[in-house]
Each structure stands twice: as structure tokens, then as C-alpha cells.
Trainee: 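Quick one: this structure, given as C-alpha cells, is what I'll be asking you about.
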Protein chains: 2
Amino acid sequence: MNAKEKALVEAKANVLKALGHPTRLWMAEQLADGEKCVCELVENIDADFSTVSKHLSILKQAGVVIDEKRGKQVYYRLKVPCILQFMPCIEAVIQATAQTHIDLMK
Amino acid sequence: MNAKEKALVEAKANVLKALGHPTRLWMAEQLADGEKCVCELVENIDADFSTVSKHLSILKQAGVVIDEKRGKQVYYRLKVPCILQFMPCIEAVIQATAQTHIDLMK
DNA sequence: AAAACGTTTGGTTGTTTTACCAAATAAGAA
DNA sequence: TTCTTATTTGGTAAAACAACCAAACGTTTT
């Protein structure tokens with residue numbers, strides 16, 4: 001593996017890692033329906049405002065979302081919506097894994 | 001978000017997290033061509049045998065790979081190959097992100 | 001049975017991540 | 001201008017992760 005390949009795999013892993021946290025994945029899924037302000041996301045999750053903000057900044061630096069300030073609020077939306085297309089496959093992984101997990105799909 | 005939804009998003013995040021490490025992502029990509037034994041993976045990467053083994057066990061517990069012992073060797077293969085289908089999208093995220101990253105694709 | 005091989009496991013240490021709190025900032029309302 | 005409101009930033013402590021080494025394990029080979 002040369003330096004360029006290494007840098008590429010690191011960059012890709014970084015995107016997956018950004019999505020690899022329940023709160024961040026949930027947020028990305030929320031944004032599938034369209035942009036949301038931070039306050040809307042905070043409302044629907046049991047977490048501190050600052051925690052949510054930090055998670056969003058991780059998604060942002062990974063290139064998953066972009067933000068736009070309008071008035072007092074900051075709106076986030078998916079930058080590259082295709083990232084949610086692989087959820088069915090992820091669910092297939094879970095399905096294939098353990099009996100206890102299969103229940104999650106029902 | 002109820003308990004079941006929460007458990008599902010956690011399970012999905014766990015799969016993404018497993019792939020969210022350069023070494024593990026690289027391994028998963030290697031396995032796209034077919035099964036490999038641990039030694040073959042170790043050979044092609046600059047890491048300790050035990051480190052590789054631990055990464056593989058993380059991929060295994062996430063449901064990404066399965067292993068099979070044959071003789072002295074343990075062979076790993078992708079359990080649900082579709083997980084590599086989303087690499088083009090991940091690359092699109094990288095493309096869309098920063099000028100410096102675009103070079104990685106060339 | 002002993003030695004060698006391929007792999008996993010346990011332990012340790014340093015690094016990273018996470019969550020919360022408090023303080024700072026920026027914009028709109030009073 | 002002062003006062004909220006919405007969000008980010010900085011700090012800190014606890015938990016999780018990663019890499020290496022050494023030891024243990026299960027198979028084959030001798």
C-alpha cells in the first residue's frame with residue numbers, strides 16, 4: 001500500500017467513523033428528510049446542546065453535512081445524500097448476525 | 001426514539017464504526033476478492049500479528065466477516081459483501097469535501 | 001512426544017473519544 | 001444598548017480504543 005492508497009483508505013475510514021456513532025447516525029438519518037436546525041435535533045434526543053453541536057461538527061468535518069446560518073439558527077443538511085443508501089445493507093449485516101438482532105428489524 | 005429504534009441505530013452505528021478504521025476498512029476491501037488467511041493480511045500491512053487479529057475480531061463481532069479454521073490457518077471472508085458497494089458514495093463525500101482530498105482519487 | 005507454525009488472548013500504556021458544564025459568541029428582540 | 005435565544009468553544013474527567021509484547025492454544029510436522 002503506497003502513500004496515496006493509504007491516505008485514501010484513511011479518508012474513507014474517517015467518513016465511516018463519523019457515521020459510526022449512534023447519535024451521529026441518527027442525525028444523518030434525520031437530515032434525510034431535509035435540513036434541520038440544531039435545536040430541532042436537540043429536541044428529539046436526550047443529549048446536551050453542546051454534545052449535539054460537537055457531533056454535528058464531526059459530521060461536518062467528515063464532509064457528511066453542511067451548515068448554513070440563517071438568523072439565530074444554524075441549519076444542517078446532508079451534503080452527499082447517497083450515504084443513507086447503504087442502510088439496507090447495514091441492516092442486512094445485522095440481520096445476518098445474531099438472532100437477537102433480527103428482532104430489531106421487525 | 002423508543003427503545004427498539006435506539007437499539008437498531010446503535011447496531012447500525014456499530015457496523016459503521018467497525019469499518020471506520022483504516023486497517024479494518026482496508027482488510028474488508030482485501031476480502032472483496034475472496035477469503036484470505038490472517039497471515040496473508042499481516043503480510044501486506046505494517047502491523048503486528050496480534051493487532052491484525054484483534055481488528056479482525058472487531059469486524060467479526062460486528063457481523064462484517066466470518067472466519068473458518070482450516071488446518072493451521074484461519075480464513076476470513078466477507079459475510080455480507082454489499083458493504084463494499086458504498087465505497088463510491090464515500091469517495092463522493094471525500095471528493096465533495098476539500099480540494100486537497102480530490103487528489104486522492106486521481 | 002517435542003517442536004514449529006498460525007492465531008488468539010491478556011496485560012500495559014498512551015491516545016482518542018465522549019459527555020457534561022460553564023463561558024463565549026453572534027444575531028434578533030425589547 | 002441591554003436582554004434573550006441559538007449555537008459553539010474550552011475544560012475536565014471517565015470510558016473506550018489502539019498498538020505492542022509476551023504468553024497461551026490448537027494443529028500440524030518431525
Side-chain angles (χ1 to χ4, degrees), chain A residues 1 6-7 9-28 30-31 34-77 79, chain B residues 1 6-7 9-28 30-31 34-77 79:
Chain A
M1 195 164 41
K6 194 176 170 193
V9 79
E10 278 170 3
K12 289 191 287 187
N14 195 51
V15 174
L16 290 163
K17 186 175 164 191
L19 291 168
H21 184 285
T23 301
R24 294 194 293 265
L25 181 58
W26 175 83
M27 285 171 166
Q30 294 300 302
L31 298 180
E35 64 174 21
K36 298 234 180 333
C37 68
V38 183
C39 51
E40 287 174 285
L41 293 167
V42 170
E43 240 171 44
N44 291 297
I45 204 174
D46 184 28
D48 200 81
F49 220 107
S50 69
T51 301
V52 169
S53 176
K54 272 172 187 166
H55 279 307
L56 284 166
S57 85
I58 290 169
L59 286 172
K60 183 181 166 186
Q61 82 87 34
V64 174
V65 301
I66 45 179
D67 62 337
E68 188 185 339
K69 183 157 194 171
R70 291 206 297 278
K72 277 190 281 198
Q73 289 155 347
V74 179
Y75 289 87
Y76 281 83
R77 60 175 177 277
K79 191 168 178 186
Chain B
M1 194 162 44
K6 194 176 171 192
V9 79
E10 277 169 5
K12 289 192 286 186
N14 195 51
V15 174
L16 290 163
K17 186 174 163 189
L19 291 168
H21 184 285
T23 301
R24 294 193 293 264
L25 181 57
W26 175 83
M27 285 172 166
Q30 294 300 301
L31 299 180
E35 65 173 20
K36 299 234 179 335
C37 68
V38 183
C39 51
E40 287 175 286
L41 293 167
V42 170
E43 238 171 45
N44 290 297
I45 204 174
D46 184 28
D48 200 80
F49 222 106
S50 68
T51 302
V52 168
S53 176
K54 273 173 188 168
H55 280 307
L56 284 167
S57 85
I58 290 170
L59 286 172
K60 182 181 166 186
Q61 82 86 35
V64 174
V65 300
I66 46 180
D67 62 337
E68 187 184 340
K69 183 157 195 172
R70 292 208 295 279
K72 278 191 280 199
Q73 288 157 347
V74 179
Y75 289 87
Y76 281 83
R77 60 173 178 277
K79 191 168 178 185

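Note on naming: letters A, B, ... go to the chains in the order of the sequence lines (proteins, then strands), and numbering restarts at 1 for each one.
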Trainee: Quick check against the 3.5 Å criterion: does A/Glu40 have a side-chain atom that pairs as donor or acceptor with the backbone of A/Cys37?
Mentor: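 Present.
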Trainee: Atom CG of B/Asp48 to atom P of C/dG10: distance rounded to whole Å?
Mentor: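 These atoms are roughly 16 Å apart.
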Trainee: A/Val74 has a side chain; which of D/dT7, D/dC21, D/dA18 sits nearest to it?
Mentor: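 Nucleotide nearest to A/Val74's side chain: D/dT7.
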Trainee: Can you tell me whether the side chain of A/Lys54 and the base of D/dG11 have a donor-acceptor pair closer than 3.5 Å?
Mentor: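 Answer yes: a donor N or O sits under 3.5 Å from an acceptor.
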Trainee: Measuring from the side chain of A/Gln73 (C-beta onward, heavy atoms only), which nucleotide among D/dT8, D/dT7, C/dC21 has the closest atom?
Mentor: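 Closest nucleotide to the A/Gln73 side chain: D/dT7.
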Trainee: Among C/dT7, C/dT18, D/dA6, which nucleotide has an atom closest to any side-chain atom of B/Val38?
Mentor: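 The listed nucleotide nearest to B/Val38's side chain is C/dT7.
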Trainee: Does the side chain of A/Leu31 come within less than 4.5 Å of A/Val64's, by heavy atoms?
Mentor: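 When only atoms from C-beta onward are counted, A/Leu31 and A/Val64 do not touch, as no gap falls below 4.5 Å.
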Trainee: Using modelled atom types and a 3.5 Å cut-off, is there a donor and acceptor pairing between side-chain atoms of A/Ser57 and backbone atoms of A/Lys54?
Mentor: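 Here the side-chain-to-backbone pair exists.
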Trainee: Taking the minimum atom-to-atom distance to the side chain of A/Lys72, which one of D/dA6, D/dC20, D/dG26 wins?
Mentor: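 Minimum distance to the A/Lys72 side chain belongs to D/dA6.
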Trainee: Please report the end-to-end axis angle for the helix from C/dA1-D/dT30 to C/dA30-D/dT1, five pairs per end, rounded to 10 degrees.
Mentor: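 Answer rounded to 10°: the end axes differ by 20°.
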Trainee: Please examine the side chains of A/Met27 and A/Lys36, heavy atoms only from C-beta on, and report whether any two atoms are closer than 4.5 Å.
Mentor: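 Sidechains of A/Met27 and A/Lys36: no contact.
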Trainee: Counting only distance, no hydrogens or angles, is the base of C/dG28 paired donor-acceptor with the side chain of A/Lys69 under 3.5 Å?
Mentor: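 Such a pair does not exist between side chain and base.
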